[in-house]
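Quick note: numbers below take in every heavy atom, side chains included, and nothing from hydrogens, waters or symmetry partners. In what follows, chains are A, B, ... by sequence order, proteins preceding strands, each numbered from 1.
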Protein chains: 2
Amino acid sequence: MNSDYSLAVHSLTLLSIMPDRMSSSSALAESASVHPVRIRKVLSMLRQHGLVETKEGTGGGFILSAEPDQVTLWEIYQITSEGSLQPKCSEANKQCLVGANMELVLSTIFTDAESHLGAFLQQYSIADMVNQVQQHSHSL
Amino acid sequence: MNSDYSLAVHSLTLLSIMPDRMSSSSALAESASVHPVRIRKVLSMLRQHGLVETKEGTGGGFILSAEPDQVTLWEIYQITSEGSLQPKCSEANKQCLVGANMELVLSTIFTDAESHLGAFLQQYSIADMVNQVQQHSHSL
DNA sequence: ATAAATGTAATGTTTAGAATTACATTTACC
DNA sequence: GGTAAATGTAATTCTAAACATTACATTTAT
């Protein structure tokens, strides 16, 4: 799956650990080892869906604007990666019975599969991510 | 998801429509609009798992070597695309609590998610693909 | 023998992902 | 009000992965 997803989960987890102050794109970028501009792009999608608030100018940055236990991995998937389960099909030969219909048949099945995936991912919230990340670090 | 998957499903569906003679990589390639060498590569994976038999030399080609209703979309996924649900993570900063553990936490969740996907895809066989492709073509 | 096929490695081409640069805009603070 | 620190976003460059293409060894029917 595309890496915007893990970057979004990563960022939201960090933000939920620092709920009381703004984090800059540079700080988030350093933790994820990516370019700050990319953080701004991905978090801009999250902002459009109300998951974070942003503030420009000195002292600005990003801050979580939802309850960590209300933001699920499914919601993040929908924002950053919806449709990515769909197997890519090169444009097949429409003269052929299979070529003409395979894409539609597969697409129907995988749309269904993605909604099953949704039910599964809905079980996990950003709050769970924080817990699990902390548990793992304790067991080191 | 990667396109080897849809190419494999496409090819197996075609082969199961022509169960009594060998199909050449050129013929399969024409239906899927890809290069014959790519067909040979993908079907070579399927051969290693016993789904098709191949024969070199004049009159050779590919033929299904399993019952269409016994070959599931899950088995094909495992052969061509296992792990592709896993969200890509760039190597994060290990100094950071989140950076150090996020990959493992996500990977655990998505390994589980992939096995749920498996249960879903196991419902569909190549025989179902043939049926659905044919039904769609009748409704045109 | 020859022609038709797969097997596979090597190479080139295209495309998508990501970084980088550039710059406009916003905002805090002196 | 001026400056520095931040986001927003478009344009560009760089890189890696996907895919096609070429090349050639091998197999096999006729």
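Between the CD atom of A:Gln48 and the C1' atom of D:dG8 there is a distance of 11 Å, rounded to whole Å. Regarding B:Leu46, its CG atom lies at a distance of 11 Å from the P atom of C:dG7, rounded to whole Å. When rounded to the nearest whole Å, the span between CE of B:Met45 and C1' of C:dT6 equals 16 Å. C:dA28 atom P lies 10 Å from atom CE of A:Met22, rounded to whole Å. Summarising the geometry, the separation between CZ on B:Arg38 and P on D:dA17 is reported as 16 Å, rounded to the nearest angstrom. Protein atom CZ of B:Arg40 is 14 Å distant from nucleotide atom P of C:dA4, rounded to whole Å. As a whole-Å value, the separation of A:Asn2 CG from C:dA18 P is 7 Å. At whole-Å resolution of the value, CD1 in A:Ile39 and P in D:dT9 are 16 Å apart.
Distance alone, capped at 3.5 Å, is enough to place a donor-acceptor pair between the A:Ser125 side chain and the A:Asp128 backbone. Using modelled atom types, one side-chain atom of B:Ser6 and one backbone atom of A:Lys88 make a donor-acceptor pair closer than 3.5 Å.
Looking at heavy atoms from C-beta onward, A:Gln86 lies in side-chain contact with A:Thr111 at the 4.5 angstrom threshold. Residues A:Thr13 and B:Val105 have side chains not in contact (no heavy-atom distance under 4.5 Å, counting atoms from C-beta outward).
Contacts with DNA chain D (heavy atom under 4.0 Å) in residues 5-15 of chain A: none are found. Taken residue by residue, residues 53-61 of chain B places heavy atoms nearer than 4.0 Å to DNA chain C at B:Thr54, B:Lys55, B:Glu56, B:Gly57, B:Thr58, B:Gly60, B:Gly61. Taking every heavy atom of residues 27-36 of chain B and every atom of DNA chain C, no pair lies under 4.0 Å.
Screening residues 22-32 of chain B for side chain to side chain donor-acceptor pair (under 3.5 Å) gives B:His10-B:Ser31, B:Ser25-B:Arg40 as the qualifying pairs, with residues at least two apart or on separate chains. Listed by first then second residue, pairs satisfying ring-ring contact (aromatic ring centres under 6.0 Å, His included) with a partner in residues 81-125 of chain A read A:Phe110-B:Tyr5, A:His116-B:Phe120, A:Phe120-A:Tyr124, A:Phe120-B:His116, not counting sequence neighbours. Sorted by first and then second residue, the salt bridge (charged side-chain N to carboxylate O under 4.0 Å, His left out) pairs involving residues 48-75 of chain A (not counting sequence neighbours) form an empty list. Evaluation of the salt bridge (charged side-chain N to carboxylate O under 4.0 Å, His left out) test over residues 92-113 of chain A, restricted to residues two or more places apart or in two chains, returns A:Glu91-A:Lys94.
Counting Ile, Leu, Val, Met, Phe, Trp and Tyr side chains that sit under 4.5 Å apart, directly or through other members, A:Ile63 shares a hydrophobic cluster with A:Met22. Think of A:Leu104 as one node in a network of Ile, Leu, Val, Met, Phe, Trp and Tyr side chains linked at under 4.5 Å; it has no links at all.
Within 4.0 Å (heavy atoms only), A:Ser90 reaches no atom of the nucleic acid at all. Residue contacts shown for A:Ser3 are limited to sugar-phosphate atoms, with no base heavy atom under 4.0 Å away.
Ranking C:dA18, D:dT22, C:dT21 by closeness to the B:Val37 side chain, first place goes to D:dT22. Of all nucleotides listed (C:dT6, D:dG8, C:dT8), C:dT6 comes nearest to the side chain of B:Ser24.
Dashed line: the shortest gap from a side-chain N or O of B:Ser44 to OP1 or OP2 of C:dT8 is under 4.0 Å.
Residues passing the ring pair (Phe, Tyr, Trp, His ring centres under 6.0 Å) test with A:Tyr77, sequence neighbours excluded: A:Trp74.
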For nucleotides 12-16 of chain D, give me every protein contact, N/O to N/O, under 3.5 Å, one pair per line with atom names.
none

Quiz: residues 41-50 of chain B side-chain donor-acceptor pairs under 3.5 angstrom, not counting sequence neighbours:
residue : atom : partner : partner atom : Å
B:Ser44 : OG   : B:Arg47 : NH2          : 3.1
B:His49 : ND1  : B:Met45 : O            : 3.1

